[in-house]
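As structure tokens, the structure follows; a few thoughts come after it.
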Number of protein chains: 2
Amino acid sequence: MTMTIRDVARRAGVSVATVSRALNRSGPVREETRRRVEAAVRALRYRPNSTARSLITRRTRMLGVLLPDLYGEFFSELIRGLDEAAQAGGYHLLVSSSHDNASDLEAALHGMHGRVDGLVVMAPKVKAEVLEDLLPGNVPVVLLNSPAGERPRDSLRIDGFGGARAVACHLAAHGHARIGIINGPAENFDAQERLRGYRAGLAEAGLAPDEALEVAGDFTGSGGYAGATALLALARRPTAIFAANDAMAVGALSALRAAGLAVPEEMALAGFDDVSSAQYMIPPLTTVRGRIWDLGARSVARLAEAMAAGAAREQQPELLPATLMARRSCGCAPGVREAGERG
Amino acid sequence: MTMTIRDVARRAGVSVATVSRALNRSGPVREETRRRVEAAVRALRYRPNSTARSLITRRTRMLGVLLPDLYGEFFSELIRGLDEAAQAGGYHLLVSSSHDNASDLEAALHGMHGRVDGLVVMAPKVKAEVLEDLLPGNVPVVLLNSPAGERPRDSLRIDGFGGARAVACHLAAHGHARIGIINGPAENFDAQERLRGYRAGLAEAGLAPDEALEVAGDFTGSGGYAGATALLALARRPTAIFAANDAMAVGALSALRAAGLAVPEEMALAGFDDVSSAQYMIPPLTTVRGRIWDLGARSVARLAEAMAAGAAREQQPELLPATLMARRSCGCAPGVREAGERG
DNA sequence: TTGTAAGCGTTATCAG
DNA sequence: CTGATAACGCTTACAA
């Protein structure tokens, strides 16, 4: 039924080896012979069987992508970046999501064994040492937004630390002395980095740290609502709130509105991520933008390098910049200004 | 280096055939023999080579997923549904995004040839006949939110028509007689369905259609902003606006705010999709919720059925309900009420 | 420049 | 119940 290389060979009056060479340009083939082969290919609508090819070449031209429980735009933007770069390089993406913990991740990695030529792994909740044990040694791996372990790894991350620090500094520059933060999940690496950046920013601005101003959150809208409510209940309220992501900022804004507080006049607010609706919020949300598409595309590029260079290549982390987008919610003037202050 | 079935056979003192039978339970194997095999497998850390297996079984245990340029939560939620169902069935997902037009889609389908056992295709901008030509005949296909062609196809969609109709009826029930709509891209099937539903809802409520109240949009925030602005510029303004998706509703809300109009008092507003921030908007956005996760999971289930039944199975479309979520922005009272009015 | 033939690691058929 | 052995469709020495 379905055509094989033998059918093409027969039809073109050559051997299968010649067909293979002609199609892959992997050896000398007389021009006229190649024409005959190509004609046969078209006539028979022949499509090489990628499975058979993989079996012998030991390459699948597929890249595995393991992601945690991601919501919203980050996910789609990342996949888009990965996919476009992969396609450009002739690769396909084997995607698996919802791996928050080590055992899920292990199962997923297990399932991808032998199916992929490289792996992009994002597991912000899994500790470095644990991760190191889980990762396979036979294919190159790029880590996304993961903590650095003992040995240097190919890894990429968006500069959460720098972005958060920029937010804190910016808020301080607006004259705020009491700046609260609604944190992400404690075990989440991104959340840790943003918290670290927030603290660094305060220190840089000469502000004393105050643990009461750091409340727990979970990166969801309702978590933001609860976090803001908790902050408002404080005896000594903050005058500005930094939500560790935009989803929480949305919830926080809702809570502030419910409490009758004007933003930014009575309470400044900032988020992180720059989701597409951020600029349409009322007031437009000051936040931090990471280049997520780039994160995906770079991951594939790094994998490609690693695959080309073989095992004896030195691995290293890479930091992608995050940009402060100063809008109304922090107290910045309305208008076109959408600042390019680097984090 | 890497272990093969022969190594296991040698170590267990049996033939490769027996190892295969033991591992796949595909034939009789004495209990004690099986133990020996399994011990050898563990000792050698043997993992069957899925490529070789695929070559002979002619199944890859992979499902192709082709998506258009999707943004935001729809994408991630869909993948999650697909992935969880796929994993449960022992399948992997080969994902490819950004296929809005026919030729991109064709290239992507081309690339997946032979790599997948089934296909989930979403291409709301590609016409039914064109799609029919492109789709392969050798593997089962499930269409997502696509127009129905001549012959019955396995397809799934969220009831955009019903959801939009419910919105229009609901707005009319609030006493609005002039209800505007900010449309999605004209060539987009979802947009067409929602427009159709809007018109049907008006008719049902006894309202005369008015083309001036139907303005173009593009499913983005800025499109919503522009659409609302256009609606406000009308000599006879609407008193309510239905944005064909939430992203546009966010932009519209921003435009209304800029024009100094109170929502819902001076202008009612509704969206479609129920993105997670909708309930935290100010005011909370009335919108329509589709069960996107279910859409993904059902797709895989349908594919599984099709693969099990073989070619001689009758195909048919399936409609997933969309639910009106009545919140403040349409004029509904504040409070817990989050209506379960079915679309 | 081309052809022959030996695999790649499994599964499946058919004797034993 | 078990073992040889022939596929599966392709690439790649090695010969010619």
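Fair warning: this is a prediction, and the values are worked out from it, not measured in the lab. Below, read A as the first sequence line, B as the second, and so on, with proteins coming before strands; counting in each chain starts at 1.
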Whole angstroms only, please: what is the [atom1]-[atom2] distance between [X] and [N]?
X: B:Asn49; N: C:dT10; atom1: CG; atom2: P; answer: 5 Å
X: A:Arg58; N: C:dT10; atom1: CZ; atom2: C1'; answer: 13 Å
X: A:Arg36; N: C:dG3; atom1: CZ; atom2: P; answer: 8 Å
X: A:Leu23; N: D:dT12; atom1: CG; atom2: P; answer: 13 Å
X: A:Asp7; N: D:dC10; atom1: CG; atom2: C1'; answer: 13 Å
X: A:Arg61; N: D:dT11; atom1: CZ; atom2: C1'; answer: 15 Å
X: A:Arg59; N: D:dT12; atom1: CZ; atom2: P; answer: 10 Å
X: B:Arg10; N: D:dA4; atom1: CZ; atom2: P; answer: 13 Å

Results of side-chain hydrogen bond (donor to acceptor under 3.5 Å, both in side chains) for [X] - residues two or more places apart only:
X: B:His110; result: A:Arg47
X: A:Arg30; result: none
X: A:Glu32; result: A:Arg36

Pairs flagged by salt bridge (charged side-chain N to carboxylate O under 4.0 Å, His left out) wherever residues 72-94 of chain A is involved - sequence neighbours left out: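 Sorted result for residues 72-94 of chain A: A:Glu77-A:Arg80, A:Arg80-B:Asp69.
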Ignoring hydrogens and angles, write down the donor-acceptor pairs under 3.5 Å from the side chains of residues 11-23 of chain B, residues two or more places apart or on other chains.
{"residue": "B:Ser15", "atom": "OG", "partner": "B:Ala17", "partner atom": "N", "Å": "3.4"}
{"residue": "B:Ser15", "atom": "OG", "partner": "B:Thr18", "partner atom": "N", "Å": "3.3"}
{"residue": "B:Ser15", "atom": "OG", "partner": "B:Thr18", "partner atom": "OG1", "Å": "3.3"}
{"residue": "B:Thr18", "atom": "OG1", "partner": "B:Arg21", "partner atom": "NH2", "Å": "3.4"}
{"residue": "B:Ser20", "atom": "OG", "partner": "B:Asn24", "partner atom": "ND2", "Å": "3.4"}

Go along nucleotides 11-16 of chain C 5' to 3' and tag each nucleotide: B for a protein heavy atom under 4.0 Å from its base, S when only backbone or sugar atoms are that close, - otherwise. BB----
Name all residues meeting the side-chain contact (heavy atoms from CB on, under 4.5 Å) criterion together with [X]; count only those two or more places apart in sequence or in a different chain, and write none if there are none.
X: B:Thr2; answer: none
X: B:Ser50; answer: A:Arg115
X: A:Asp154; answer: A:Val142, A:Arg302, A:Ala306, A:Arg313, A:Gln315

Answer yes when A:Glu38 and A:Arg42 have at least one side-chain N-carboxylate O distance shorter than 4.0 Å, and no when they do not.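 Result for this pair is no, no salt bridge flagged.
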For A:Thr4 versus A:Tyr46, what's the shortest heavy-atom pair and its separation?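 Smallest interatomic distance, heavy atoms only, reads C-CE1, 3.5 Å.
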Determine to 10° how strongly the helix from C:dT1-D:dA16 to C:dG16-D:dC1 is bent, judged from the axes of its five-pair ends. 40°
Without placing hydrogens or testing angles, list every side-chain donor-acceptor pair under 3.5 Å for residues 125-141 of chain B, not counting sequence neighbours.
{"residue": "B:Glu132", "atom": "OE2", "partner": "B:Arg151", "partner atom": "NH2", "Å": "3.3"}
{"residue": "B:Glu132", "atom": "OE2", "partner": "B:Arg153", "partner atom": "NE", "Å": "3.0"}
{"residue": "B:Glu132", "atom": "OE2", "partner": "B:Arg153", "partner atom": "NH2", "Å": "2.9"}

Please confirm whether the shortest side-chain N or O distance from B:Ser15 to OP1 or OP2 of D:dG3 is below 4.0 Å. yes
Selection: residues 27-35 of chain A, any non-hydrogen atom under 4.0 Å of DNA chain D: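 Contacting residues: none.
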